[in-house]
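Below is one structure, written out as structure tokens; the observations come after it.
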Amino acid sequence: MGEERLRGLLASGLAGDATAYHAFLRELSAHLRAFLRKRLVHLPDEVEDLVQESLLAVHNQRHTYDPRQPLTAWVYALARYKMVDLLRRRSRKELFNDPLDEESELFATSDSEAADARRDLAKLLADLPDRQRLPIVCMKLNGLSVAETAHSTGMSQSAVKVGVHRGLKALAAKIRGSS
């Protein structure tokens, strides 16, 4: 319902209806705000700036939108690019800042601990059937969405969700059993 409404407002706006275009931007900003808040939990102060940057990108790139494609996928792709730009800018700035607390060194994990954790996780995942292991690896370790995981594994989106749920449940049971 939201997709169709936004598409209709954009189409009317592109046809010259300024009121519809303003409504499109207003409603889209609410969708973008929710999308970005979910992804920038640790950076809530950056969300509003990214919403505005994303709206500006949508406005400037509106001529590239293909009406045969889902509008939200196109919009969220633009928002992801803006989010990645922000994260890159922040990482460059943070290269020049030393942490004020020496506690960070105290709690830092060693390379061998990280390697041990990766090895242990690989062993646990190896025991799972493909229909559980692949969705977990794609979504939880590689950060893919349900749709991207479904596409890359050839599974349906519901099968991906079920596979992740059952796989995580099986992993938790194995961990509890081995403790």
Side-chain angles (χ1 to χ4, degrees), residues 1-97 99 114 118 121 125 130-165 167-168:
M1 185 169 120
E3 171 83 17
E4 291 306 315
R5 174 154 171 73
L6 287 172
R7 279 177 129 178
L9 289 171
L10 177 60
S12 297
L14 293 176
D17 184 347
T19 305
Y21 192 66
H22 286 271
F24 164 73
L25 292 174
R26 187 174 43 255
E27 289 185 28
L28 183 61
S29 67
H31 288 278
L32 285 169
R33 199 168 286 111
F35 175 81
L36 293 167
R37 270 193 197 130
K38 185 176 173 183
R39 284 153 181 78
L40 296 171
V41 174
H42 300 294
L43 299 171
D45 296 340
E46 301 289 348
V47 170
E48 201 54 41
D49 287 343
L50 273 184
V51 168
Q52 297 307 315
E53 286 181 35
S54 298
L55 288 173
L56 188 58
V58 166
H59 176 73
N60 289 336
Q61 297 299 318
R62 67 189 183 276
H63 66 281
T64 66
Y65 171 64
D66 180 357
R68 296 169 296 178
Q69 300 297 320
L71 173 66
T72 51
W74 177 75
V75 168
Y76 290 155
L78 292 173
R80 273 191 207 96
Y81 290 128
K82 293 299 177 184
M83 185 173 55
V84 167
D85 289 344
L86 166 78
L87 296 174
R88 284 186 185 138
R89 282 192 309 267
R90 287 183 61 87
S91 69
R92 276 190 229 120
K93 286 180 186 176
E94 290 180 14
L95 285 175
F96 300 109
N97 295 324
R118 281 192 297 274
L121 180 59
L125 286 171
D130 284 352
R131 66 184 181 281
Q132 294 174 357
R133 182 178 37 79
L134 292 175
I136 289 174
V137 169
C138 290
M139 289 181 60
K140 301 300 181 183
L141 299 180
N142 297 338
L144 298 179
S145 69
V146 173
E148 292 165 333
T149 300
H151 179 72
S152 68
T153 61
M155 300 169 70
S156 69
Q157 288 187 19
S158 60
V160 167
K161 292 176 190 176
V162 169
V164 168
H165 174 75
L168 291 176

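The model shown is predicted, which means the values in this text are computed figures rather than measured ones. Just so it is clear, the values below take in all heavy atoms, side chains as well, and ignore hydrogens, waters and symmetry mates.
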| query | Residues two or more places apart in sequence or in another chain: which of them pass side chain to side chain donor-acceptor pair (under 3.5 Å) with Ser156? | reply | Ser158
| remark: What one should report as the nearest heavy-atom pair of Val75 and Leu32 is CG1-CD2, 3.6 Å
| Side chains of Val160 and Cys138: does their closest heavy-atom pair fall under 4.5 Å? | no
| field | Leu6 to Leu28 - nearest heavy-atom pair and separation | value | CD2-N, 4.0 Å
| said: Please enumerate all residues that pass side chain to side chain contact (heavy atoms under 4.5 Å, CB included) together with Asp45, with sequence neighbours excluded. | reply: none
| query | What is the minimum heavy-atom distance between Arg131 and Met155, and which atoms define it? | reply | O-CE, 3.5 Å
| request: Heavy atoms only: give me the nearest Thr149-Pro135 pair and the separation to one decimal. | output: CG2-CA, 3.9 Å
| message | Just so I know, are the side chains of Val146 and Met139 near enough to count as touching, which here means a heavy-atom distance under 4.5 Å? | response | yes
| request: Sorted by first residue and then second, give each salt bridge (charged side-chain N to carboxylate O under 4.0 Å, His left out) pair with at least one member in residues 6-27; sequence neighbours left out. | output: Glu3-Arg7, Glu4-Arg7, Arg5-Glu27
| field | Shortest non-hydrogen separation from Ala147 to Gln157 and the atoms involved | value | CB-NE2, 3.5 Å
| message | According to side chain to side chain contact (heavy atoms under 4.5 Å, CB included), who are the partners of Arg33, at least two apart in sequence or on a separate chain? | response | Ser29, Arg37, Val47, Glu48, Val51
| request: Working to the nearest 0.5 Å, report the span between NE2 of His22 and CG of Leu9. | output: 12.0 Å
| remark: In this structure, CG of Leu78 is separated from OH of Tyr65 (nearest 0.5 Å) by 11.5 Å
| task | Could you list the residues that satisfy side chain to side chain donor-acceptor pair (under 3.5 Å) with Gln61, not counting sequence neighbours? | result | none
| remark: For Ser12 and Ala20, the nearest pair of non-hydrogen atoms, with its separation, is CB-CB, 3.6 Å
| note | Interatomic distance, CZ@Arg39 vs CG@Leu87, rounded to 0.5 Å, equals 12.0 Å
| said: Could you work out, with side chain to side chain donor-acceptor pair (under 3.5 Å) as the rule, every residue matching Ser145, not counting sequence neighbours? | reply: Glu148
| task | Quick one: list whatever passes side chain to side chain contact (heavy atoms under 4.5 Å, CB included) with Asp130, sequence neighbours left out. | result | Arg133, Leu134
| task | Sequence neighbours left out, what passes side chain to side chain donor-acceptor pair (under 3.5 Å) with Arg88? Give chain and number order. | result | none
| field | Spacing of Leu43 atom CG and Leu86 atom CG [to the nearest 0.5 Å] | value | 6.5 Å
| How would you list, by chain and number, every residue that makes a side chain to side chain contact (heavy atoms under 4.5 Å, CB included) with His59, sequence neighbours excluded? | Tyr21, Arg62
| Is Glu53 close to Leu56 at the side-chain level, that is, under 4.5 Å between some pair of heavy atoms? | no
| request: Mind jotting down which residue pairs meet the salt bridge (charged side-chain N to carboxylate O under 4.0 Å, His left out) criterion with at least one end in residues 63-77? Sequence neighbours excluded, please. | output: Asp66-Arg68
| message | By the side chain to side chain donor-acceptor pair (under 3.5 Å) test, which pairs, at least two apart or in different chains, include something from residues 75-86? | response | none
| task | Report yes if some heavy atom in the side chain of Trp74 is under 4.5 Å from a heavy atom in the side chain of Val58; otherwise report no. | result | yes
| Just wondering, are more than 12 heavy atoms of other shown residues or ligands nearer than 6.0 Å to NE2 in His42? | no
